[in-house]
Amino acid sequence: MRTVPSIIHLDMDAFFASVEQAAKPSLRGKPVIVGGLGGRGVVSTCSYEARVFGVRSAMATAVARRLCPNGAYLWPRFTAYRACSEQVMAMLRALSPLVEQLSVDEAYVDLAAGPYGPALAAAAPGEGAELVRAICQDLRADIEERTALTASIGAAGSKLMAKIASEQAKPDGLVLVNPGLERTVLGPMAVRALPGVGPATEQVLRRAGLMTVAEVAELSEEELMRLLGKAHGAGVSLMARGLDDRPVVPDRDAKSVSVEDTYEVDLADRDRILHELDILAARCVRRLQATGRSGRTVVIKVRRFDFSTLTRSETLRGPTDDEGVIAATARRLAAQVNLTGGIRLLGVGVSQLADFTQEDLFAQAAAEAALAELDAQEAAEEEEPDAEQEPLPESGAAAGSVAAEPAGVEGGAPAAGAGQLAAQRIWLPGQDVTHRELGPGWVQGSGVGRVTVRFETPDSPPGRVRTFLVDDPELTPSDPLPLRPPPDA
DNA sequence: TCTGGGGTCCTAGGACCC
DNA sequence: TCTGGGGTCCTAGGACCC
């Protein structure tokens with residue numbers, strides 16, 4: 001156990017909404033809701049101004065609109081968020097090689113493994129804590145200066161307490177928990193404060209009369225394991241007593257890749273469903289190939305009209321990144337599912353990832369076979385042991401069945417992107433655009449053949465609104481602008 | 001008011017092997 | 001010949017997180 005609170009957890013405040021407010025001066029101080037804006041969309045993130053109205057993450061956007069009818073509702077701009085995220089993560093990596101990124105806006109850092117490590121190790125406990133405080137305040141100030149965004153930080157002797165502290169620090173704050181005070185801090189908290197305790201676990205604990213962490217900490221590990229199961233019970237038992245020795249682990253490899261779509265209207269037609277699976281398989285494969293990996297288990301996910309969800313999976317004989325194989329497997333799996341009554345969501349995923357493919361294995365096997373052949377020729381004539389000539393059903397048959405399909409259906413489907421948006425003249429609220437004369441702005445809304453654009457940039461005053469025909473050739477989609485001018489410029 | 005998309009980890013049963 | 005136990009893999013589902 002550490003004597004200095006040298007593990008920090010950093011969490012960007014209302015990340016997506018904050019990026020939007022930084023990019024769009026007219027939205028500062030206003031309720032901003034970022035998420036899916038279709039009939040089945042949900043809120044990803046909302047600004048603190050929106051939370052006053054009761055808007056929350058994961059809430060149906062339709063509900064949010066009723067609670068907060070005058071908010072700005074925007075589609076997410078992931079490219080812009082990723083750019084900000086990378087800036088922040090780079091700043092964290094300057095503090096330590098041990099940076100564990102949990103999501104686009106959240107990370108642990110082990111300061112003891114970085115340049116401040118020796119000073120922290122040499123410091124008396126009180127001095128060490130003050131050094132951590134200074135490092136964190138500098139970091140928060142640097143982040144705000146370089147990205148125009150605020151971050152909250154928790155610092156403690158463990159990941160558990162650092163995470164709890166950052167939650168307490170929000171928004172735009174810093175909280176340290178000195179080692180030794182874990183149980184004092186945790187004790188009065190509701191059980192839901194523990195990471196990993198969600199609605200189901202909370203219910204179980206409440207039925208056992210346990211509301212606070214201190215009450216849970218009084219139970220024995222055995223009792224908690226009986227209530228919550230082996231692994232979860234043991235984990236909650238340790239957490240409740242403030243015990244956590246998990247190390248900060250950088251760069252963990254992904255274990256699965258998946259894509260899914262919820263459709264505006266339930267799908268009923270079988271051929272349409274199979275076609276959508278092909279499209280999802282293609283998207284999944286694109287992501288897989290971008291990471292240079294391949295997968296052995298293919299899984300499909302089906303959510304029915306009544307929100308009941310099921311999965312079907314099949315493990316192939318070897319890893320693949322072949323679109324035809326994955327699409328054909330997905331179709332085979334779909335044949336096992338009752339698709340009647342309407343499908344609201346489809347997904348395709350791949351797990352058991354490897355850094356090579358079945359084809360690599362074939363090539364390797366062929367090379368080995370060739371060598372063996374040479375050896376065999378050199379050796380005395382001998383009876384060949386029966387080579388196991390089992391066909392490889394997944395690869396062989398599946399690829400064949402796809403080739404037999406009407407060619408080019410999925411191959412001809414265009415990739416959705418800025419180009420397609422431009423061609424179809426679909427303007428999404430929040431989207432970056434440029435007008436040839438009026439310059440950069442963003443789409444405020446569109447309908448009945450018109451699109452409304454506000455012309456402003458991160459460093460301009462709030463801008464004016466103009467309306468155009470949706471197919472106005474002067475108006476084009478554009479890339480996000482940096483929230484702050486680059487330091488050299 | 002009606003529920004996204006991307007993940008991780010755990011459990012449990014059955015098959016299969018030793 | 002019958003019975004049992006343990007380990008591993010596969011599949012399906014669920015809880016949880018951001």
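Quantities reported herein were computed from a predicted structural model and do not represent experimental measurements. Residue numbering restarts at 1 for every chain, and letters A, B, ... go by the order of the sequence lines.
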message: Please give the distance between the C1' atoms of dC17(B) and dT3(C) as a whole number of Å.
response: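 Rounded to whole Å, the distance is 16 Å.
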Would you indicate what [X] reaches in the nucleic acid, counting non-hydrogen atoms under 4.0 angstrom: base, sugar-phosphate, or nothing?
X	answer
G233(A)	nothing
V299(A)	nothing
V257(A)	sugar-phosphate
R296(A)	sugar-phosphate
A58(A)	base
L102(A)	nothing
G36(A)	nothing
V259(A)	sugar-phosphate

Short N-O contact, [X] and [Y], less than 4.0 angstrom:
X	Y	result
K163(A)	D11(A)	no
D172(A)	R140(A)	yes
D261(A)	R283(A)	yes
E202(A)	R192(A)	yes

Looking only at side-chain atoms of [X], point me to the closest of [options].
X	options	value
E260(A)	dT11(B), dG6(B), dA12(C)	dG6(B)
R344(A)	dC18(C), dG13(C), dG4(B)	dG4(B)
L310(A)	dT3(B), dA12(C), dG13(C)	dG13(C)
D105(A)	dC16(C), dT3(B), dC18(C)	dC18(C)
S103(A)	dC18(C), dG6(B), dC10(C)	dC18(C)
R287(A)	dC16(C), dG7(B), dA12(C)	dG7(B)
S313(A)	dT1(B), dC10(C), dT11(C)	dT11(C)
S258(A)	dC18(C), dG7(B), dC2(B)	dG7(B)
T297(A)	dA12(C), dT11(C), dT3(B)	dT11(C)
R312(A)	dG13(C), dC9(C), dG4(B)	dG13(C)

query: Is the NZ or CZ atom of R303(A) positioned over F307(A)'s six-membered ring, under 6.0 angstrom from the centre and within 45° of the axis?
result: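 That pair qualifies as a cation-pi contact.
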- prompt: Within 45° of the six-membered ring axis of F78(A) and under 6.0 Å from that ring's centre, is NZ or CZ of R82(A) located there?
  reply: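 No, R82(A) does not sit over the ring of F78(A).
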query: Using the ring of each side chain (for Trp, its six-membered ring), is Y81(A) parallel, tilted or perpendicular to F16(A), with breaks at 30° and 60°?
result: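 It falls in the parallel class, under 30°.
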Just the rounded figure in Å: distance from [atom2] of [N] to [atom1] of [X].
X	N	atom1	atom2	value
R304(A)	dT3(B)	CZ	C1'	18 Å
E202(A)	dC16(C)	CD	C1'	13 Å
L280(A)	dG6(B)	CG	P	9 Å
M239(A)	dC16(C)	CE	C1'	11 Å
E264(A)	dT3(B)	CD	C1'	13 Å
L346(A)	dG5(B)	CG	P	11 Å
E276(A)	dG5(B)	CD	P	12 Å
R246(A)	dT8(B)	CZ	P	16 Å

Strictly below 4.0 Å: does [X] bring a side-chain N or O up to OP1 or OP2 of [N]?
X	N	result
T201(A)	dC16(C)	yes
R303(A)	dG4(B)	yes
R252(A)	dT8(B)	no
K255(A)	dG7(B)	no
T262(A)	dG5(B)	yes
Q352(A)	dC10(C)	yes
K163(A)	dC18(C)	yes

query: Nearest nucleotide by nearest heavy atom, which residue falls closer to the 5' end of DNA chain B, A231(A) or S256(A)?
result: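 Nearest-nucleotide comparison on DNA chain B picks S256(A).
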- prompt: Which sits closer to the 5' end of DNA chain B, R66(A) or G229(A), going by the nucleotide each is nearest to?
  reply: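 Between the two, 5'-proximity favours R66(A).
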query: Can any side-chain N or O of Y73(A) pair as donor or acceptor with the backbone N or O of G35(A) at less than 3.5 Å?
result: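 No, Y73(A) side chain to G35(A) backbone: no donor-acceptor pair under 3.5 Å.
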message: Just to be sure I understand the geometry, which residues of residues 67-90 of chain A put a non-hydrogen atom under 4.0 Å away from DNA chain B?
response: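 None, since no heavy atom is under 4.0 Å.
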In the structure I gave you, are the side-chain heavy atoms of [X] and [Y] within less than 4.5 Å of one another anywhere?
X	Y	result
Q444(A)	Q431(A)	no
P458(A)	R484(A)	no
E182(A)	M161(A)	yes

Candidates L288(A), D253(A), T297(A) - the one meeting side-chain contact (heavy atoms from CB on, under 4.5 Å) with L353(A):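 Output: one option passes, namely L288(A).
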message: Run the salt bridge (Lys or Arg N to Asp or Glu O under 4.0 Å) test on R304(A) and D266(A) for me, step by step, so that the C-alpha distance in whole Å, both residues' side-chain angles and the decisive distance to 0.1 Å come before the verdict.
response: CA-CA 8 Å; R304(A) 280 191 261 254; D266(A) 289 352; over 6 Å; no
- prompt: What stem regions, each of at least 3 consecutive Watson-Crick or G-U pairs below 3.5 Å, can be found for DNA chain B?
  reply: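 For DNA chain B the paired stretches long enough to count as stems (3 pairs minimum) are B:5-18 with C:5-18.
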